[in-house]
Engineer: 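Got a structure for you, questions after.
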Amino acid sequence: QVQLVESGGGLVQAGGSLRLSCAASGRIFSRYVMGWFRQAPGKEREFVAAIIWSGDNTRYADSVKGRFTISRDNAKNTVYLQMNSLKPEDTAVYYCGIDPSWRIILPISADEYDYWGQGTQVTVSS
């Protein structure tokens, strides 16, 4: 099994920054995609960003392009989400997930990710 633990959430004013971390432990896959999703109250879980295991390929939702950056440190089995220029509409619980597959096109559907963390709350005040 795989365990994912997110951290780094909190309360920030609009225009501020946060960096989320997702640490993986347990079974480690040689090929995988890690993704960040978010879910606001009353809404479905939506794709934010994804990165392939090698770091050579990333994908972002249009709503966060130019503001968020996904990166990974394979030595630490950790994926990061640097969030800048935060907006109130970014408020949500942020989850990381793993798709233990070889991918050319990084998936944006939550159904493609097999393992999830417990989430970390991000609140952006106006």
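Sequence positions, counted from 1, serve as the residue numbers for this chain. What you see is a predicted model; the values in this text were computed from it and never measured.
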Engineer: Would Met34 end up clustered with Val5 when hydrophobic side chains under 4.5 Å apart are linked, directly or stepwise?
Structural biologist: no
Engineer: Say whether, by atom type as modelled, one donor and one acceptor occur between the side chain of Arg59 and the main chain of Leu106 under 3.5 angstrom.
Structural biologist: yes
Engineer: Show me the pairs that pass disulfide (SG to SG under 2.5 Å) and involve residues 39-76, at least two apart or across chains.
Structural biologist: none
Engineer: Could you tell me whether the side chain of Thr120 and the main chain of Gly9 form a donor-acceptor pair under 3.5 Å?
Structural biologist: yes
Engineer: Can you list the residues that meet the side chain to side chain contact (heavy atoms under 4.5 Å, CB included) rule with Ser25, with sequence neighbours excluded?
Structural biologist: Gln3
Engineer: Suppose we screen for side chain to side chain contact (heavy atoms under 4.5 Å, CB included). Which residues come up paired with Thr69, at least two apart in sequence or across chains?
Structural biologist: Tyr60, Gln82
Engineer: Show me the pairs that pass side chain to side chain donor-acceptor pair (under 3.5 Å) and involve residues 48-57, at least two apart or across chains.
Structural biologist: Ser54-Asp56
Engineer: With a 4.5 Å cut-off on side-chain heavy atoms, are Leu4 and Ile98 touching?
Structural biologist: yes
Engineer: Checking Ala40 now: which residues fulfil side chain to side chain contact (heavy atoms under 4.5 Å, CB included) with it, not counting sequence neighbours?
Structural biologist: Lys43, Ala92
Engineer: Please list all pairs meeting salt bridge (charged side-chain N to carboxylate O under 4.0 Å, His left out) that have one or both residues in residues 18-39, counting only residues at least two apart or in different chains.
Structural biologist: Arg38-Glu46, Arg38-Asp90
Engineer: Tell me, please, which residues at least two apart from Asp62 pass salt bridge (charged side-chain N to carboxylate O under 4.0 Å, His left out).
Structural biologist: Lys65
Engineer: Indicate the atoms forming the closest heavy-atom contact of Ala50 with Tyr113, along with that distance.
Structural biologist: CB-OH, 3.6 Å
Engineer: Applying ring pair (Phe, Tyr, Trp, His ring centres under 6.0 Å), name anything that partners Phe47, two or more places apart in sequence or on another chain.
Structural biologist: Phe37
Engineer: Report whether Tyr80 and Leu18 are members of the same hydrophobic cluster (ILVMFWY, side-chain heavy atoms less than 4.5 Å apart, transitive linking).
Structural biologist: no
Engineer: Scan for disulfide (SG to SG under 2.5 Å) pairs involving residues 26-107, sequence neighbours excluded, and state none if there are none.
Structural biologist: Cys22-Cys96
Engineer: Does a side-chain heavy-atom distance below 4.5 Å link Phe68 with Leu20?
Structural biologist: no
Engineer: How close do Ser85 and Ser17 get, heavy atom to heavy atom, and via which atoms?
Structural biologist: N-OG, 4.4 Å
Engineer: Any pair with a residue in residues 113-126 that passes salt bridge (charged side-chain N to carboxylate O under 4.0 Å, His left out), sequence neighbours left out, goes on the list, sorted by first then second residue, please.
Structural biologist: none
Engineer: Would you say that Ile52 contacts Tyr32 through its side chain, given a criterion of any heavy-atom pair below 4.5 Å between the two side chains?
Structural biologist: no
Engineer: Any side-chain heavy atom of Val79 sitting closer than 4.5 Å to one from Trp36?
Structural biologist: yes
Engineer: Ignoring hydrogens and angles, state whether a donor on the side chain of Asp73 or Thr78 is under 3.5 Å from an acceptor on the partner side chain.
Structural biologist: no
Engineer: Quick check: does any side chain N or O of Tyr95 sit under 3.5 Å from a backbone N or O of Glu6, one acting as donor and the other as acceptor?
Structural biologist: no
Engineer: Test of understanding: with side chain to side chain contact (heavy atoms under 4.5 Å, CB included), list the residues that count as partners of Ser125, not counting sequence neighbours.
Structural biologist: Leu11, Gln13
Engineer: Assess the residue pair Val124 and Lys87 against the criterion (side-chain contact (heavy atoms from CB on, under 4.5 Å)); give the C-alpha distance rounded to whole Å, side-chain angles, the decisive distance to 0.1 Å, and a yes or no.
Structural biologist: CA-CA 6 Å; Val124 184; Lys87 305 175 181 179; 5.5 Å; no
Engineer: Can you list every salt bridge (charged side-chain N to carboxylate O under 4.0 Å, His left out) pair that touches residues 93-102, not counting sequence neighbours?
Structural biologist: Asp99-Arg103
Engineer: Kindly indicate, with the supporting measurements, whether the criterion side chain to side chain donor-acceptor pair (under 3.5 Å) is fulfilled by Gln121 and Thr123.
Structural biologist: CA-CA 6 Å; Gln121 176 71 48; Thr123 303; 3.3 Å; yes
